[in-house]
Number of protein chains: 2
Amino acid sequence: MPRYGDEECCDMRGMLGFLILFLLSKKPMHGQEIADELAKRRGDKPSPGTIYPALKSLKYAGFLREEEKVGKTITYCLTPRGMKALHIAKRRFTRTFLGVLS
Amino acid sequence: MPRYGDEECCDMRGMLGFLILFLLSKKPMHGQEIADELAKRRGDKPSPGTIYPALKSLKYAGFLREEEKVGKTITYCLTPRGMKALHIAKRRFTRTFLGVLS
DNA sequence: TTAAGTATATAGGATATCCGATATATATAA
DNA sequence: TTATATATATCGGATATCCTATATACTTAA
């Protein structure tokens with residue numbers, strides 16, 4: 001039962017949508033920009049098979065929309081619904097991890 | 001493809017082990033104490049089928065050990081290995097969620 | 001007009017998290 | 001002693017995340 005690795009206790013599974021909404025709340029971005037920013041933050045870059053289905057699901061949920069499309073490059077931005085979802089998630093996140101960052 | 005709920009964008013899946021290690025770094029606790037503290041923080045209490053397998057896996061990984069056992073009540077505490085894993089995870093967590101709490 | 005680089009897309013599947021249901025053991029109260 | 005509450009334990013499975021591999025389309029350079 002190898003649930004935790006050598007020095008790993010946290011794979012952050014389930015936080016991808018939250019992180020994408022957070023990044024888009026700073027500025028509109030396209031898929032590769034988001035993947036690169038996540039690479040800088042987490043240390044590993046999500047693969048195409050990870051990032052694009054996630055964007056699709058968030059769009060399907062009404063949390064983001066295509067702001068601009070130039071060639072194959074699609075820039076996404078938050079919808080009001082996405083901003084609300086992010087706000088709610090932030091509150092929960094803050095309460096849950098109170099004291100972790102200090 | 002219902003990946004995100006009505007206003008939910010973040011189920012925090014994959015953070016349970018990290019949270020348990022963090023709580024135990026504050027003080028030794030037993031399973032129910034941990035579950036109750038998580039209930040206060042996240043808003044919902046992890047079920048027995050969630051918390052005990054998680055503790056078992058963290059123990060199996062060498063991140064925590066039984067400090068005391070009185071009746072059925074088992075108090076857990078971090079091992080040096082667990083402290084190191086928590087430290088590493090904290091650094092990654094901090095870098096990943098930089099700017100979310102502010 | 002090739003060739004190479006960039007960006008997006010999706011199917012299929014491996015893997016892991018987490019929960020519901022259930023069982024057991026201990027402690028306490030009636 | 002019976003009943004109740006508390007704490008731990010595990011199986012089986014539903015569910016979701018994420019990756020690998022593959023394909024497509026657009027852009028730019030040679």
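We name chains A, B, ... by the order of the sequence lines, and we start the count at 1 in each one.
- Considering only heavy atoms from C-beta on, A:Leu16 comes within 4.5 Å of A:Leu38 through its side chain.
- Ionic pairing of A:Lys40 and A:Glu37 is present here: one or more N-O contacts between side-chain nitrogen and carboxylate oxygen are shorter than 4.0 angstrom.
- Atoms OH (B:Tyr60) and P (C:dT17) sit 14 Å apart, rounded to a whole Å.
- Side-chain contact between A:Phe18 and B:Phe97: present, with at least one pair of heavy atoms (C-beta onward) separated by less than 4.5 Å.
- The interatomic distance linking B:Ile20 (CD1) with C:dT17 (P) rounds to 11 Å, in whole Å.
- When the P atom of D:dA14 is taken as reference, atom CG of B:Asp11 falls 19 Å away, rounded to whole Å.
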* Asked: How does protein contact run along nucleotides 3-9 of chain D, one letter per nucleotide 5' to 3', with B for base contact, S for sugar-phosphate only, - for none, heavy atoms under 4.0 Å?
  -> ----BBB

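- To the nearest angstrom, P of D:dT17 lies 13 Å from CZ of A:Arg42.
- Between the side chain of A:Thr79 and the backbone N or O of A:Phe63 there is at least one donor-acceptor pair closer than 3.5 Å.
- In this structure, OH of B:Tyr4 is placed 11 Å from C1' of D:dC18, rounded to the nearest angstrom.
- How far NZ of B:Lys69 is from OH of B:Tyr76: 8.0 Å, rounded to the nearest 0.5 Å.
- As judged by a 4.0 angstrom heavy-atom cut-off over every strand, B:Leu16 is placed among residues touching the sugar-phosphate backbone only.
- Judged purely by atom type and a 3.5 angstrom limit, B:Arg95 uses its side chain to pair as donor or acceptor with the backbone of A:Arg41.
- Across all strands, A:Met15 comes closer than 4.0 Å to no nucleic acid atom at all (heavy-atom distances).
- Atom-to-atom, CZ of A:Phe18 to C1' of D:dA16 comes out at 19 Å; the value is rounded to the nearest Å.
- Remark: C1' of C:dA16 and CG of B:Leu58 are 14 Å apart, rounded to the nearest angstrom.
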